[in-house]
There are 2 protein chains.
Amino acid sequence: MTTASTGGPRWLTDEEQRVWRAYLHATTLLEDHLDRQLQRDAGMPHIYYGLLVQLAQAPRRQLRMTELAKNAKITRSRLSHAVARLEKSGWVRREDCPSDKRGQNAVLTQEGYEMLRRSAPGHVSAVRQAMFDRLTPEQVRTLGEIMQVMAAGLQPEGTDADLPWLR
Amino acid sequence: MTTASTGGPRWLTDEEQRVWRAYLHATTLLEDHLDRQLQRDAGMPHIYYGLLVQLAQAPRRQLRMTELAKNAKITRSRLSHAVARLEKSGWVRREDCPSDKRGQNAVLTQEGYEMLRRSAPGHVSAVRQAMFDRLTPEQVRTLGEIMQVMAAGLQPEGTDADLPWLR
DNA sequence: TCTATCTAGTTCAACTTTCAAGAAAAGGTC
DNA sequence: GACCTTTTCTTGAAAGTTGAACTAGATAGA
């Protein structure tokens, strides 16, 4: 299945193929599952829920748009649209940033906070059922390691940790 | 951090939270990365590429729509749109199913096959760099196990394996 | 056969994401 | 200040996704 070092591409071994398919299968099933669960129970897709969680954990339940986009790993454009929608739903409000007139703070409203509190148990339970209740402690530990390694390798350039002249 | 058994929701432990965030972080980074790579090199998102791969591996490079949707874990609706787009690009063609007049076969065209052959090495290499080249063999093995367990737990009902009267 | 039900696939409208373009403010240099 | 570059955020159009409604053909029972 693998090409000997003839300069051609290194294909995946049989085991790697199995793992890759299992990965795609499991991650898409889980993402779909959580999207449906949250759409049903909180009226929004998973990513939007994640934005509210970020805000809820931020100092005054607010974050600069760029900061929020960075945390959630989405583009500023996408965030603009998303916050517009969340604003229309009443869960987020925009405020001008006092120190930078270009800036906007996305602020979690009280309603948004309440909504989060109501739907958090169901969401945690869905995550638990899908992942943590099915894995051994050892598997959970290893999964953490693996995901850290992968994330590190995919980190977009420009992170401090990746600038050689800062090492 | 965890609620003692008071009947309240079982929150995630600190470690579980770390693992969950790492999981979300890594999986979104990887999906974004592959989407960009394939959009650039093959002119389509990752999921569309997956459809072509399925077709390429099918008996006569063709599959019934429903079958293809099931394999790719997407709705029939989404597949209809996707195939319409792939048809416009010339990589797939629809054919009426001879045995069932409701049915349609999605057929990989020769152009589609060529395109796949051209872009496969780059795609495999991207997957490799992001995942397999960074993990130890032991980690790859464990990742496979974990993903299988998770997928099994999320399997939509109605799969043969889940029908108790067939066991 | 007649009818009810089910299945395959498409279509529509509402929503989300992407990409490119643009407005406004900040920062740096002369 | 004048000029240029960068940063912040928004906008608009095109592409993609979703869920419900719909058409046509298959299937099963009386």
Side-chain angles (χ1 to χ4, degrees), chain A residues 28-29 31-40 42-52 62-89 91-107 156 158, chain B residues 28-29 31-40 42-52 62-89 91-107 156 158:
Chain A
T28 58
L29 283 180
E31 186 58 17
D32 285 3
H33 182 65
L34 294 182
D35 263 340
R36 264 182 254 282
Q37 184 260 318
L38 284 170
Q39 191 73 55
R40 177 164 48 74
M44 69 186 110
H46 188 200
I47 178 89
Y48 286 33
Y49 186 87
L51 295 176
L52 298 190
Q62 58 180 270
L63 280 173
R64 282 287 294 270
M65 294 292 280
T66 297
E67 204 59 32
L68 181 50
K70 217 172 291 173
N71 290 359
K73 282 106 203 165
I74 62 177
T75 61
R76 285 195 304 272
S77 168
R78 184 174 174 185
L79 182 60
S80 271
H81 290 296
V83 167
R85 197 274 218 185
L86 291 172
E87 207 169 14
K88 210 180 293 181
S89 308
W91 295 322
V92 166
R93 142 175 56 88
R94 278 182 231 241
E95 280 181 10
D96 291 345
C97 176
S99 58
D100 185 336
K101 288 186 182 169
R102 295 168 303 179
Q104 293 270 288
N105 283 316
V107 188
Chain B
T28 57
L29 284 179
E31 185 58 17
D32 286 2
H33 183 64
L34 294 183
D35 264 339
R36 264 182 253 284
Q37 185 261 316
L38 284 170
Q39 191 72 56
R40 178 165 46 75
M44 69 187 107
H46 187 200
I47 179 86
Y48 286 34
Y49 186 86
L51 296 176
L52 298 190
Q62 60 180 268
L63 281 173
R64 283 289 291 271
M65 293 293 280
T66 297
E67 205 58 32
L68 181 49
K70 217 172 291 177
N71 290 0
K73 281 105 204 164
I74 63 177
T75 61
R76 287 195 305 272
S77 168
R78 187 173 174 185
L79 181 61
S80 270
H81 291 296
V83 167
R85 198 274 220 185
L86 291 171
E87 207 170 15
K88 209 180 295 182
S89 307
W91 295 321
V92 167
R93 143 176 56 88
R94 278 181 232 239
E95 280 182 8
D96 292 344
C97 177
S99 57
D100 183 339
K101 289 187 182 168
R102 298 168 302 178
Q104 293 272 287
N105 284 317
V107 188

B:Glu87 has an atom CD; how far is it from atom C1' of C:dT10, in whole Å? 13 Å
I need the CD1-P distance between B:Ile47 and C:dT17, as an integer number of Å. 16 Å
Could you check how far OH of B:Tyr48 sits from C1' of C:dT17, rounded to whole Å? 12 Å
Earlier contact from the 5' end, DNA chain C, for A:Arg85 and B:Gln39: A:Arg85
Can a donor-acceptor pair be found, under 3.5 Å and without considering hydrogens, that links the side chain of B:Asp35 to the backbone of B:His46? yes
Near DNA chain C, which residues from residues 97-105 of chain A have a heavy atom under 4.0 Å away? A:Asp100, A:Lys101, A:Arg102
All heavy atoms of A:Met44 vs all of A:Trp91, minimum pair found to be CE-CZ3, 3.8 Å
Grab the CG-P distance between A:Asp96 and D:dT10 for me, whole Å please. 10 Å
note: B:Glu31, atom CD; C:dT18, atom P; distance rounded to Å ~ 10 Å
Residues of residues 64-80 of chain B with a heavy atom under 4.0 Å from any atom of DNA chain C, listed by number, are B:Arg64, B:Met65, B:Thr66, B:Arg76, B:Ser77, B:Ser80
Which residue lies more 5' along DNA chain D, comparing A:Arg94 with B:Pro45 via nearest heavy atoms: A:Arg94
Using only atom types and a distance under 3.5 Å, with no angle test, would you say the side chain of A:Lys101 pairs donor to acceptor with the backbone of A:Ser99? no
Quickly work out the A:Glu95 CD to D:dC9 P distance and round it to whole Å. 14 Å
Separation of atom CG in A:Leu51 from atom C1' in C:dT17, rounded to whole Å: 13 Å
Check this for me: does the side-chain of A:His81 come within 3.5 Å of the base of D:dG12 through a donor and an acceptor? yes
Rounding to a whole Å, what distance do you find between A:Met44:CE and C:dT17:P? 13 Å
